[in-house]
Amino acid sequence: MKIPILGLPISGKTTLFRALAAGHLPDTGGHLAAVPVPDPRLDLIAAREKPKRIAYATITFVDVAAMRSDEDRAARIDKLHGLTGDADALLLVVQAFGHLDHRGRDLDPRRDLCELLSELVLTDLAIIETRGERVEREHKARRRGEADPEWNMLHRLRGHLEAERWARELSFNDEELRMLRGYGLLTLRPALVVFNCGDDDLEGGRCAEAATIADERGLPCEVLCAELEAELTELPEEDRAEFMAEYGLEHIAGDRVIRTAYGLIDAVTFYTVNENEAHAWTVPRGTGAREAAGKIHTDMEHGFVRAEVVSFADYEAAGSLQAARHANKVRLEGQDYIVQDGDILQIRFTR
Ligand SMILES: Nc1nc2c(ncn2[C@@H]2O[C@H](COP(=O)(O)OP(=O)(O)OP(=O)(O)O)[C@@H](O)[C@H]2O)c(=O)[nH]1
Ligand SMILES: [Mg+2]
């Protein structure tokens, strides 16, 4: 699962990236970090079954440099496409700290949010402009009246984007969604807005107005001070409580952001557990048991026989896997069983 961090220049993207990625940054640094998603259900499973290891689902956050005004948009799009083409969701950072923005204008989170949203729409328009050239050429070569679903779709999409709306607000049929996949549109993805407030405004008074805009656009938002969060997560565990008390912080906001971002994606989490490892896996909603097994190991997919499944609620009530088995809460399911969020799966397979 991949989530790029986007925002206007100097809004605090890299600082937020550091806060989210603390402890999980590759030694070489870099702008990618695979961060475990806190998961109380997996914690409970591990506490009961006592495996040697625990493997959380991860989100790969990408720290994307802001677009500079002197940058060529076409080159920028190529670069962005490489970083975000396969993103599952976006994390949008808006400056709400300090008094001036990167151009020396008065701080205005509302204006910055609108600018950022427009910039994403413009990027998508530019993407369909360049990538749509082929479709346009082929359309011209067609006979009049001949069906051209891709051209029709792009036409509809362009009108929508030109009205400053996000692609995800349009509905597309399966064929259109397939065609769209290669475009890597930004506004087709769910997004979370993070207002990066100052340590003198932890309640986010300066971004309250901007938050209503996010709300109107159906974008969830979080308010946090990225600088404090980065410092906090970089502190040794034993010093954190004191630091948090000093600033009146109740929770590590980074954890909340990670969980909210994970929740944006229309996915289900299922679990496997044995004496070695308790593991959380993420699959798209609607994934069948055989395909889910393939996520764990291709051998399991190819040699799939059946899945033994216990729902998380039944597991929680039973107290352990063994107790769930005794209580007949472990079901046998075939390859087409649609995996449900929280399921604990044991895959039976032949090699
Ligand atoms: N006061 C305050 N300063 C912050 C906060 N977050 C970031 N900054 C400062 O803002 C400056 C830019 O932060 P970065 O995280 O590098 O911003 P960025 O969005 O990655 O910047 P570019 O990648 O250059 O676009 C740095 O000097 C940070 O120390 C914050 O929460 N409070
Ligand atoms: Mg940066």
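Note that ligands are numbered from 1 as they come in the structure, with each ligand's atoms numbered from 1 the same way.
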Enquirer: Does a side-chain N-to-carboxylate-O contact under 4.0 Å join E277 and R53?
Expert: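 Salt bridge present between E277 and R53.
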
Enquirer: Just how far is it from atom OG1 of T84 to atom NZ of K2, taken to the nearest 0.5 Å?
Expert: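 T84 OG1 to K2 NZ: 7.5 Å, rounded to 0.5 Å.
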
Enquirer: Mind checking the CD1-CG spacing from I252 to L228? Nearest 0.5 Å is all I need.
Expert: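 Separation between the atoms: 12.0 Å.
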
Enquirer: To which protein heavy atom is atom 19 (O) of ligand 1 closest, and what is the distance rounded to 0.1 Å?
Expert: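 Here the nearest protein heavy atom works out to K13 NZ, 2.6 Å.
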
Enquirer: Can you figure out which of D201, N196, T15 has its heavy atom closest to atom 5 (C) of ligand 1?
Expert: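 Considering heavy atoms of D201, N196, T15, the nearest to atom 5 (C) of ligand 1 sits in N196.
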
Enquirer: Side chains of T260 and E222: is there a donor and an acceptor less than 3.5 Å apart?
Expert: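 Checked: T260/E222 side chains pair up, N/O donor to acceptor below 3.5 Å.
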
Enquirer: Would you give the length of the straight line joining atom NZ of K295 to atom CE of M300, rounded to the nearest 0.5 angstrom?
Expert: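 It comes to 14.0 Å.
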
Enquirer: Any side-chain donor-acceptor pair under 3.5 Å between S311 and Q340?
Expert: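 No, no side-chain donor-acceptor contact under 3.5 Å.
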
Enquirer: Enter the distance from R134:CZ to E150:CD here, rounded to the nearest 0.5 Å.
Expert: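 CD of E150 is found 5.0 Å from CZ of R134.
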
Enquirer: Have T269 and W281 got a donor and an acceptor in their side chains that come within less than 3.5 Å?
Expert: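 Their side chains do not contain a donor-acceptor pair, so the 3.5 Å distance test is not met.
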
Enquirer: Could you list the atoms of ligand 1 found under 4.0 angstrom from a heavy atom of P9?
Expert: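 Selected atoms, number and element: 25 (O).
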
Enquirer: In this structure, does ligand 1 have an atom that sits under 4.0 Å from one of the heavy atoms of G98?
Expert: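 It does not, in that no heavy atom of G98 comes within the 4.0 Å cut-off of ligand 1.
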
Enquirer: Return the residue, atom name and 0.1 Å-rounded distance of the protein heavy atom closest to atom 8 (N) of ligand 1.
Expert: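 I find the closest protein heavy atom is F97 CZ, 3.5 Å.
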
Enquirer: Among all protein heavy atoms, pick out the one at the shortest distance from atom 17 (O) of ligand 1; state its residue, atom name and that distance to 0.1 Å.
Expert: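 Sorting protein heavy atoms by distance from atom 17 (O) of ligand 1 puts G12 N, 3.2 Å first.
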
Enquirer: Pairing donors with acceptors under 3.5 angstrom, does anything connect the side chains of Y271 and D39?
Expert: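 Distance-only check passes for Y271 and D39.
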
Enquirer: Do R48 and Y315 form a cation-pi contact, if we require the NZ or CZ to be under 6.0 Å from the six-membered ring centre and within 45 degrees of the ring's axis?
Expert: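 Here R48 passes the 6.0 Å and 45° test against Y315.
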
Enquirer: Under 4.0 Å from a heavy atom of A226: give me the atoms of ligand 1 that qualify, with their elements.
Expert: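 Atoms satisfying the 4.0 Å criterion: 31 (O).
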
Enquirer: With atoms numbered from 1 as shown, which atoms in ligand 1 lie under 4.0 angstrom from a non-hydrogen atom of C197?
Expert: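 Within the 4.0 Å cut-off of C197, ligand 1 contributes 31 (O).
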
Enquirer: Just the protein N/O/S atoms under 2.8 Å from the Mg ion (ligand 2), please, no waters.
Expert: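 Hits for the Mg ion (ligand 2) below 2.8 Å: T14 OG1.
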
Enquirer: Among protein heavy atoms, which lies nearest atom 21 (O) of ligand 1, and at what distance?
Expert: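 Answer, as residue, atom name and distance: I10 N, 3.2 Å.
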
Enquirer: To the nearest 0.5 Å, tell me how far D88 CG sits from Y262 OH.
Expert: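 Those atoms lie 10.5 Å apart.
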
Enquirer: Taking both backbone and side-chain atoms of D63, is any N or O found less than 3.5 Å from an N or O belonging to ligand 1?
Expert: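 No; the residue has no nitrogen or oxygen that sits under 3.5 Å from a nitrogen or oxygen of the ligand.
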
Enquirer: Starting from atom 2 (C) of ligand 1, which protein heavy atom do you reach first, and at what distance in Å?
Expert: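 Of every protein heavy atom, E227 OE1, 3.3 Å lies nearest to atom 2 (C) of ligand 1.
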
Enquirer: Which protein non-hydrogen atom lies closest to atom 16 (O) of ligand 1, naming both residue and atom, and how far is it?
Expert: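 Nearest protein contact, heavy atoms only, for atom 16 (O) of ligand 1 is T14 CB, 3.9 Å.
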
